[in-house]
Amino acid sequence: MAASLSTLLDVHFLVPQADTKRNPFITIRQKPNNRRLNITCNSSKSSSDQSQTLFESPNPNSPSLSDQLKPLSSTTLSTTNDPHAQLLSKPKSIWINPTKPRRYVLSLQRQKRSHFSHNPDVRDFKRFARKLNDSDYSESSFMSVLEQIPYPVTRENALFILNSLKPWQKTHLFFKWIKTHKLFPLETIFYNITMKSLRFGRQFELIEELANEMVSNEIELDNITYSTIITCAKRCNKFNKAVEWFERMYKTGLMPDEVTYSAILDVYGKLGKVEEALTLYERGIASGWKPDPVTYSILAKMFGESGDYDGVRYVLQEMKALGVQPNVIVYNTLIEATGKAGKPGMARSLFEEMLDSGFTPDEKTLTAVVKVYGKARWSKDAMELWEKMRSNKWPMDFILYNTLLNMCADLGLEEEAERLFEDMKGSEHCRPDSWSYTAMLNIYGSGGKADKAMLLFDEMSERAIDLNVMGCTCLIQCLGKAKRIDDLVRVFDLSVNKGVKPDDRLCGSLLSVVSLCEQISDASKVLSCLQKANSKLVALVKLVEEEQTNFETLKSEFRDVIRNTVVDARRPFCNCLIDICRSRNLHGRAHELLYLGTFYGLYPDLHHRTADEWSLDVRSLSVGAANTALEEWLGTLAKFVQRNEALPELFSAHTGAGTHKFSQGLANAFASHVKGLAAPFRHSENRAGSFVANREDLVDWVQSRIPSAVSP
DNA sequence: CTAGGGTTAG
């Protein structure tokens, strides 16, 4: 793929670069983040990441900036060879410099479609098409029905049938039938219609076969052919093929129109090649193209995928500059993109602007907005939105319902979720599915409502809705917290028997229950579940609990388990192991595990030091791990005090403010631990979720405890 | 899906 940019820029476009200096229209608009300066070949990173490449030496495979900016006149087609040369005389568009011949990367006129007329006998053919569609799948029975085709089989009738058939196999068979019977010459449109059907079946190989057949039979490939090929390749994730056919189009001298052009723009977007897409876009603009909303939807989606706020702003700015009005889809994409870029306020104003412009939001709009509000923890806005949805009778679908439920789970809105869930049960088209149940189990799990969770579990069996692995994880967490170990074992065994494949998160959940078990007998019941899912992890637990275990053995087994664990579950595993140690009074082992976790990079942001302040951030730690980390830290500080080394004015520990309704635990546990140690940390008044101590108090405290060491 | 491009869920 790395070659595409250079080929597009240097060979196939065969056009001079837009003169942005002389072009008053372009110069007023800024590319996001000065993108011009950091063109990279594989720009899948976000714009902020890309800034790192700003001063690096250029990739030898990618054209240098000056290469890209130099006029390509030496390699271009001459003006007179340009099939669209007449466009050069396009009268006084303000941004076209009339003294400078301009080359075009796309045709400003969309390919016209010839519409085929309906015959009087279309009714017969309609009936016959239905018969073919109802026929058996096999080639032989399709062909036997086909023998009864009404007459005359004119070009129009054949096109009508071709257009009506599905699935793709039947379209393809009928196409071959037309070909063998040679009733009339196969024009481009026959190929185009057939390819479209093949695209539904994602049959890229067959499409390519037809395209090559067109080339060898000298049947013209037009913009419709190319855009169909390109979008099929895209849907089959054959992006290199999409680019290849786009380049082939230029080679044959055919200009893409805006449909084909935006199709390839989307290919670059899907590849995360932001620079390339922008270059294409700008060259289109420089050709005098006024893109339609589809193009901006593609660009907005691309920026949304990388969470690029500057990019989203660029899209808005461009639309405004060119006077393109967004439609519902563009608004949907923009709202989604601003949400992903972490700008909920912007997303909300876009939504309001959309309503003010008289648009009715659809399911996708509302799903996007709900996600934004949930992520931003804007419960009030979310609930107001829900009321509006009901009173305006805006459309709902089950994805929107499930998104609302997930949002309630994130915000801890149990009653609201229950109301929604009841709504779903009473609805015709949005009955709760396994995702809905998972969201409810999540809510009950976080809220410690084991009874309600078990009722749902039973209800799922009655309704034959499968519990998925996440639902199982939530339920197990919930039952573990409620100390209902026998129910937990029953749920686990039933789920596994029904085909739930335990993943690392589920194992983490079981492990955390082990740390909560006060009775050895309970712990061993849970461990026997874990044994079936991850026996190595159980072996590690045994090793951790065994006082005789030497550190090197622990280290190598720990590394082994962590290496075979998905990244997201690694820190939770270590947290739980530490909690197990703390609950078994194995404090030394807990410190060893914290050391190993830090050593293997599971706690990368635990410590921060500036000249004025040293801080400890335990927000991603469990209670036991946080306490262990605090002890470790105080021990280190004590050594500093004893050695009379330079200390900052302020010390702080961050436990998080617990914005989540159910997540107050860490701060409370931390406070009581601090109290137990009589350490001089106090809740910070101006920083929620932080404990602070000043140097003087801390030094006094350490000295009062000397010579007894603070930490092991 | 009436020859071609864009949007929704842990």
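From a predicted model like this one, the values you see are computed outputs, not experimental measurements. Throughout, protein chains are lettered first and strands after them, A, B, ... in sequence-line order, and every chain is numbered starting at 1.
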What about [X]: does its side chain form a donor-acceptor pair under 3.5 Å with the base of [N]?
| X | N | answer |
| --- | --- | --- |
| A/Thr260 | B/dG4 | yes |
| A/Thr228 | B/dG4 | no |
| A/Asp292 | B/dG6 | no |
| A/Asp257 | B/dG4 | yes |

Choose from [options] the nucleotide whose nearest atom is closest to any side-chain atom of [X].
| X | options | result |
| --- | --- | --- |
| A/Asp397 | B/dG6, B/dT8, B/dG4 | B/dT8 |
| A/Thr333 | B/dA9, B/dT7, B/dT2 | B/dT7 |
| A/Ile329 | B/dT7, B/dG10, B/dG4 | B/dT7 |
| A/Ile298 | B/dG6, B/dT7, B/dA3 | B/dG6 |
| A/Ser262 | B/dG5, B/dA9, B/dT2 | B/dG5 |

What is the nucleic acid contact for [X], judged by heavy atoms within less than 4.0 Å: base, sugar-phosphate only, or nothing?
| X | answer |
| --- | --- |
| A/Thr225 | nothing |
| A/Thr231 | sugar-phosphate |
| A/Thr188 | nothing |
| A/Phe190 | nothing |
| A/Ile399 | base |
| A/Asp568 | nothing |
| A/Thr438 | base |
| A/Lys371 | sugar-phosphate |
| A/Val328 | nothing |
| A/Arg110 | base |
| A/Asp266 | sugar-phosphate |

Hey, is the side chain of [X] poking within less than 4.0 Å of OP1 or OP2 on [N], counting only N and O atoms?
| X | N | value |
| --- | --- | --- |
| A/Lys340 | B/dT8 | no |
| A/Lys166 | B/dT2 | no |
| A/Arg235 | B/dG5 | yes |

Would you call [X] and [Y] a salt bridge, taking side-chain N to carboxylate O under 4.0 Å as the test?
| X | Y | answer |
| --- | --- | --- |
| A/Arg390 | A/Asp423 | yes |
| A/Glu213 | A/Lys179 | yes |
| A/Glu244 | A/Lys238 | no |
| A/Arg127 | A/Asp124 | yes |
| A/Glu422 | A/Lys425 | yes |

What is the separation between atom [atom1] on [X] and atom [atom2] on [N], rounded to the nearest whole Å?
| X | N | atom1 | atom2 | value |
| --- | --- | --- | --- | --- |
| A/Lys270 | B/dG5 | NZ | C1' | 10 Å |
| A/Phe160 | B/dT2 | CZ | P | 12 Å |
| A/Glu305 | B/dA9 | CD | P | 9 Å |
| A/Tyr281 | B/dG6 | OH | P | 18 Å |
| A/Leu420 | B/dA9 | CG | P | 18 Å |
| A/Asn332 | B/dA9 | CG | P | 12 Å |
| A/Met389 | B/dT8 | CE | C1' | 13 Å |
| A/Met302 | B/dT7 | CE | P | 13 Å |

Audit row: A/Glu384, A/Lys388, salt bridge (Lys or Arg N to Asp or Glu O under 4.0 Å) steps and yes/no = CA-CA 6 Å; A/Glu384 279 170 14; A/Lys388 250 176 149 172; over 6 Å; no

Determine, stepwise, if the pair A/Phe421 / A/Tyr437 fulfils side chain to side chain contact (heavy atoms under 4.5 Å, CB included).
-> CA-CA 9 Å; A/Phe421 197 60; A/Tyr437 275 93; 3.6 Å; yes

Is the ring of A/Trp435 stacked on the base of B/dG10, with centres less than 5.5 Å apart and planes under 30° off?
-> yes

Determine the Euclidean distance between corresponding P atoms of B/dG6 and B/dT2; express it in Å to zero decimal places.
->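 Approximately 14 Å lies between the P atom of B/dT2 and that of B/dG6.
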
